[in-house]
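In this chain, residues are counted from 1 in sequence order.
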Amino acid sequence: MTFSCDEKLPGFAELNFFLLEETSNWPFVVTDVNSAQIVLTPYVNDVEALIEPDSINVDVSPKQGADGTIQQINISFRLITRSEALEQLLEQYSNKPGVAIGKLNNEFKKLYGNNLEPLYLNYEVNDGTKVDGTSFTEVKIKGETRSRPVYYTP
């Protein structure tokens with residue numbers, strides 16, 4: 001086995017969340033090779049939201065259990081856009097099964113969750129405490145899967 005030291009940029013550039021009902025054509029077992037066959041048909045909406053730069057945090061922690069290793073997935077980020085339409089959209093996705101696709105700064109994409117072991121999105125609005133302070137919407141996506149996140153290559 002040979003290893004090289006080509007530096008790849010760390011961190012995430014983009015994150016997408018899809019409800020399971022926005023996906024189809026799932027293979028029996030999702031792998032790096034067959035993930036491309038998953039069809040994503042996101043709902044169309046006219047709500048735009050900006051993610052606070054460098055706020056996407058993806059934590060995948062393996063946990064040993066009686067049935068083997070479980071991957072605990074915790075994804076979070078902050079939206080600096082605040083609007084009634086954004087909160088209404090987040091409410092439509094809140095507590096419903098879905099999957100996330102994260103695009104890393106090196107252009108790789110990873111799929112978190114699957115049709116049998118979905119993730120769930122929740123959010124909290126922080127309106128701030130003073131005029132010159134900060135306000136944001138914290139989005140959290142969590143779940144557990146039996147397999148590691150796979151590379152997604154559409």
Side-chain angles (χ1 to χ4, degrees), residues 8-127 135-154:
K8 301 290 185 193
L9 295 173
F12 286 80
E14 184 179 304
L15 191 89
N16 293 290
F17 184 77
F18 300 91
L19 293 176
L20 283 186
E21 60 197 53
E22 296 176 293
T23 68
S24 62
N25 203 34
W26 286 89
F28 185 68
V29 175
V30 182
T31 66
D32 296 328
V33 176
N34 66 15
S35 65
Q37 77 182 47
I38 300 166
V39 176
L40 304 171
T41 52
Y43 295 134
V44 177
N45 63 64
D46 60 354
V47 178
E48 289 189 26
L50 294 175
I51 293 178
E52 182 180 292
D54 302 324
S55 74
I56 300 173
N57 181 29
V58 178
D59 180 29
V60 180
S61 303
K63 174 181 142 187
Q64 281 298 116
D67 296 333
T69 303
I70 300 292
Q71 307 293 327
Q72 294 181 312
I73 299 170
N74 291 301
I75 300 170
S76 64
F77 57 90
R78 288 182 173 186
L79 297 171
I80 54 178
T81 304
R82 295 173 50 221
S83 72
E84 181 180 346
L86 176 59
E87 284 189 43
Q88 290 170 351
L89 180 64
L90 288 170
E91 192 62 34
Q92 290 176 20
Y93 282 74
S94 183
N95 294 315
K96 294 191 177 127
V99 295
I101 295 181
K103 179 180 172 187
L104 289 94
N105 285 319
N106 62 10
E107 299 297 317
F108 292 149
K109 290 184 179 180
K110 284 191 169 183
L111 172 68
Y112 299 89
N114 58 57
N115 61 325
L116 300 176
E117 299 166 319
L119 307 179
Y120 293 88
L121 180 145
N122 285 293
Y123 69 97
E124 289 179 34
V125 177
N126 179 336
D127 288 320
S135 62
F136 55 86
T137 300
E138 179 90 20
V139 177
K140 297 178 182 179
I141 302 168
K142 295 182 178 188
E144 293 182 342
T145 63
R146 296 188 193 290
S147 59
R148 69 165 175 78
V150 298
Y151 284 91
Y152 179 74
T153 49

Item checked: Pairs meeting criterion salt bridge (charged side-chain N to carboxylate O under 4.0 Å, His left out) with involvement of residues 26-44, two or more places apart -> Asp32-Arg148

Check: Excluding sequence neighbours, so at least two apart, what forms salt bridge (Lys or Arg N to Asp or Glu O under 4.0 Å) with Glu138?
Finding: Arg78

Checklist line | Spacing of Leu79 atom CG and Ser55 atom OG [to the nearest 0.5 Å] | finding: 7.5 Å

Item checked: Residues that Asp46 engages under side-chain contact (heavy atoms from CB on, under 4.5 Å), provided they are two or more places apart -> none

Check: Can you list the residues that meet the salt bridge (Lys or Arg N to Asp or Glu O under 4.0 Å) rule with Lys109, with sequence neighbours excluded?
Finding: none

Next item on the list: Can you measure from CG (Leu89) to CG (Asn45) and round to the nearest 0.5 angstrom?
Entry: 5.0 Å

Next item on the list: May I ask you to test the Ile73-Thr145 pair for a side-chain heavy-atom distance under 4.5 Å?
Entry: yes

Next item on the list: Compare every heavy atom of Asn25 with every heavy atom of Gln37, then report the nearest pair and how far apart it is.
Entry: O-ND2, 2.9 Å

Note to self: Any heavy-atom pair between the side chains of Leu86 and Val47 that's under 4.5 Å?
What the structure shows: yes

Check: Does the side chain of Tyr112 pick up a donor-acceptor pair with the side chain of Gln71 at under 3.5 Å?
Finding: no

Check: Only one of Tyr151, Phe12, Tyr152 forms a ring-ring contact (aromatic ring centres under 6.0 Å, His included) with Phe108, so which one is it?
Finding: Tyr151

Item checked: side-chain contact (heavy atoms from CB on, under 4.5 Å) involving Leu19 - partner list, sequence neighbours excluded -> Phe17, Glu21, Glu22, Tyr43, Tyr93, Lys96

Notebook entry, point to check: By side chain to side chain donor-acceptor pair (under 3.5 Å), which residues pair with Asn34, not counting sequence neighbours?
Noted result: Thr31

Notebook entry, point to check: Sequence neighbours excluded, which residues qualify as salt bridge (Lys or Arg N to Asp or Glu O under 4.0 Å) partners of Glu48?
Noted result: none

Note to self: For the CG atom of Asn122 and the CG atom of Leu90, what is their distance to the nearest 0.5 Å?
What the structure shows: 10.5 Å

Notebook entry, point to check: Can you list the residues that meet the side chain to side chain donor-acceptor pair (under 3.5 Å) rule with Thr81, with sequence neighbours excluded?
Noted result: none

Note to self: Going by side-chain contact (heavy atoms from CB on, under 4.5 Å), name the residues that satisfy it together with Glu14, two or more places apart in sequence or in a different chain.
What the structure shows: Asn16, Lys103

Do any side-chain atoms of residues 58-65 form donor-acceptor pairs under 3.5 angstrom with protein atoms, and if so which ones, sequence neighbours left out?
residue	atom	partner	partner atom	Å
Asp59	OD1	Ser61	OG	3.2
Asp59	OD2	Ser61	OG	3.3
Gln64	OE1	Thr69	OG1	2.3

Next item on the list: Look up atom NZ in Lys110 and atom OG1 in Thr153, then write down how far apart they are to the nearest 0.5 Å.
Entry: 13.0 Å

Item checked: Shortest non-hydrogen contact from Asn114 toward Val30 -> CB-CG2, 4.4 Å

Check: Considering only heavy atoms from C-beta outward, does the side chain of Val99 approach that of Leu20 to under 4.5 Å?
Finding: yes

Notebook entry, point to check: Tyr120: what forms a ring-ring contact (aromatic ring centres under 6.0 Å, His included) with it, not counting sequence neighbours?
Noted result: none

Next item on the list: Specify the closest pair of heavy atoms between Gly113 and Leu119, including all atoms of both residues, with the distance to one decimal.
Entry: CA-CG, 4.0 Å

Notebook entry, point to check: Do Ile101 and Leu40 touch side chain to side chain, with heavy atoms closer than 4.5 Å?
Noted result: yes

Next item on the list: Walk me through it: do Thr137 and Phe77 pass the test side chain to side chain contact (heavy atoms under 4.5 Å, CB included)?
Entry: CA-CA 8 Å; Thr137 300; Phe77 57 90; over 6 Å; no

Item checked: Closest heavy-atom pair and its distance - Ala36, Pro154 -> CB-CA, 4.2 Å

Next item on the list: May I have the step-by-step check of side-chain hydrogen bond (donor to acceptor under 3.5 Å, both in side chains) for Gln88 and Glu84, ending in yes or no?
Entry: CA-CA 6 Å; Gln88 290 170 351; Glu84 181 180 346; 3.1 Å; yes

Item checked: Set of salt bridge (Lys or Arg N to Asp or Glu O under 4.0 Å) partners for Asp54, sequence neighbours left out -> none

Item checked: Trp26 CH2 to Ile38 CD1 distance, which is reported to the nearest 0.5 Å -> 4.0 Å

Check: Quick one: which of Leu15, Leu121, Ile75, Ile56 gives a side chain to side chain contact (heavy atoms under 4.5 Å, CB included) with Val139?
Finding: Leu121

